[in-house]
Number of protein chains: 2
Amino acid sequence: MYQQIADEIRGQIVAGDLEPGAKLPTEAEMRSAYDVSRETVRKALNLLVNEGLVVSARPQGHFVRRREPMIFRPQTEFRKRPHSPEMDAFATEHSAEGREPRQVIEVAIVEPPAEVAKRLQLKAGDLVAIRKRVRYLDGEPFNINDSYFPLDIVRDSEIMRPEDITRGANEVLAELGYRQVRALDELYVRMPQPEEVKRLELPPGTPVGYHITTGFTAEGRPVRVATTVLPGDRHVISYERGLETPGEEA
Amino acid sequence: MYQQIADEIRGQIVAGDLEPGAKLPTEAEMRSAYDVSRETVRKALNLLVNEGLVVSARPQGHFVRRREPMIFRPQTEFRKRPHSPEMDAFATEHSAEGREPRQVIEVAIVEPPAEVAKRLQLKAGDLVAIRKRVRYLDGEPFNINDSYFPLDIVRDSEIMRPEDITRGANEVLAELGYRQVRALDELYVRMPQPEEVKRLELPPGTPVGYHITTGFTAEGRPVRVATTVLPGDRHVISYERGLETPGEEA
DNA sequence: TTGCCCGCATTGACTGGACAATGGCGTCAG
DNA sequence: CTGACGCCATTGTCCAGTCAATGCGGGCAA
């Protein structure tokens, strides 16, 4: 029965009868409209909230959720910065859309999590340098980006300083003799962990993409692992590929 | 308070104290353990269900959710089939992992949805051929893959027949004179629509990746749009890239 | 031994009620 | 006119209880 209520409202949302930002009837109104108890109405609303269609703003009511994703291009991070050299890759990508970027950088030396150690082919006890970044757009948290480097190759380099690296960390790695020529990308789709919910201020019903890039040198050594947590409501992941002709084999 | 209960159980799950498949305490047990009402316990469980950590099997109880993703490689769909030619790209990719693939194909001529028409650069009223596929693995639905082709270039071709195309629809397109040399991939992360929940038998708390590929010929004409709905609990999206050196510009 | 049926534990759905928290808005005082 | 205060509509949290649905497993009959 609460499913039916949810279905009806969901229908109005997808049909456009209720536009993004529109206010839904209050619980009391729906209660009398459908002649059910308040808890039943709330269950219907809870469904829609968990589907990411509705947000609740106490005590204003429930509203149809707005959605304005930005474009995330993993490839762009490796292109030459076309414009203002004082902006890093992130700023360049998004400032064009008229929003103000900002990022908070933290640097540390840690034992890497297992999934990172595996991809960097480290032995137990090996340490890594980690650059943790939370990126903001117009003051709102946008994504979390953590880059891991084997400690022995970045020790004392610019990468250890908690400041923007204008020309990109990848260029610094190249200057150190570890130019990346190949990357393996993996993407998981899942619900966020509570810590991610807090750091990214995610409303309920917001899944995230968890993107892991491993960068390799020409010799095949992995020298960088970057993980990005991408809130689904703020991102489109986009990339371009050339296609192999079916005659050749990789 | 129900948050605290959820936190505690979540902690046990991520710490590994509760292994995948393990049975949680019953609602009654938790009710007396925490000395709260049943509704409060259920609210905590509902949180975990929507986070994708727990599934409920009535009337057996609640269980820690299992997760065994398969690897999805958009690039592989363009490689020459290395092994058994009677399997299409999908079967080849997954049969190696010892599971039995199957797919149901449907072909139709329709007016394309707006997001497809836009990518195929069609005029209003232009029709497309659509190949709708639901793919199964070991009898379980795995993903939904719909491919759209401009009707004028595939009319009367093999693509209109609702059967497996062993050598791949892309090869057929190439034989028709429309070899694709470039593709644009977009990926959205969102919660599934009710229809997708039904077709893919998605448990609550399962987000999906919505993958749209547009294939272009050397002349720059889009000749194929493929959309794939990828349940987050069954997929890892994976691809490899060569990296441009920062000296050159794309 | 085999097969059927029913009980029972467990979760799902719904009700009615109570109190708390929040933020806007109107009112009132300075 | 301005600022502070308090009302109030609305959602959040929690409780106690009732009945329904489900599937396993034990008991009973053939």
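Naming: A, B, ... by sequence-line order, numbering from 1 per chain.
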- A/His62 side chain to A/Glu27 main-chain N or O, any donor-acceptor pair under 3.5 Å? no

- For A/Arg135 and A/Val104, indicate whether the former's side chain and the latter's backbone hold a donor-acceptor pair under 3.5 Å. no

- Query: Nucleotide by nucleotide, 5' to 3', does protein get under 4.0 Å of the base (B), only the sugar-phosphate (S), or neither (-) in nucleotides 4-10 of chain C, counting heavy atoms?
  - Reply: -----BB

- Note on the structure: With sugar-phosphate taken as primed atoms, P, OP1 and OP2 and all else as base, the protein-contact string of nucleotides 13-19 of chain D at under 4.0 Å (heavy atoms; B, S, -) is BBBBBB-

Any side-chain donor-acceptor pair under 3.5 Å between [X] and [Y]?
X	Y	result
A/Asp164	A/Gln103	yes
B/Arg65	B/Thr206	yes
A/Glu8	A/Tyr34	yes

- Message: What is the separation between atom CG on A/Leu24 and atom C1' on D/dT11, rounded to the nearest whole Å?
- Response: 13 Å

- Could you state the CZ-P distance from B/Phe63 to D/dC24, rounded to the nearest angstrom? 11 Å

- For DNA chain C, find the residues of residues 46-53 of chain B with a heavy-atom distance under 4.0 Å and give them by number; none if there aren't any. none

- Task: Return no unless some side-chain N or O of A/Ser56 is found under 4.0 Å from OP1 or OP2 of D/dG12.
- Result: yes

- Given B/Asp7 and B/Gln12, is the side-chain contact (heavy atoms from CB on, under 4.5 Å) satisfied, shown in steps? CA-CA 9 Å; B/Asp7 288 348; B/Gln12 293 177 24; over 6 Å; no

- Message: Walk me through whether A/Val107 and A/Arg161 qualify under side-chain contact (heavy atoms from CB on, under 4.5 Å).
- Response: CA-CA 7 Å; A/Val107 174; A/Arg161 303 230 303 274; over 6 Å; no

- Task: Would you name the heavy atoms of A/Glu240 and B/Leu184 that are closest together and state the gap between them?
- Result: CG-CD1, 3.9 Å

- Item | Shortest non-hydrogen contact from B/Val55 toward B/Pro203 | CG1-CB, 4.4 Å

- Query: Can the positive tip of A/Arg190 be found less than 6.0 Å from the middle of the six-membered ring of A/Tyr210, inside 45° of the ring normal?
  - Reply: yes

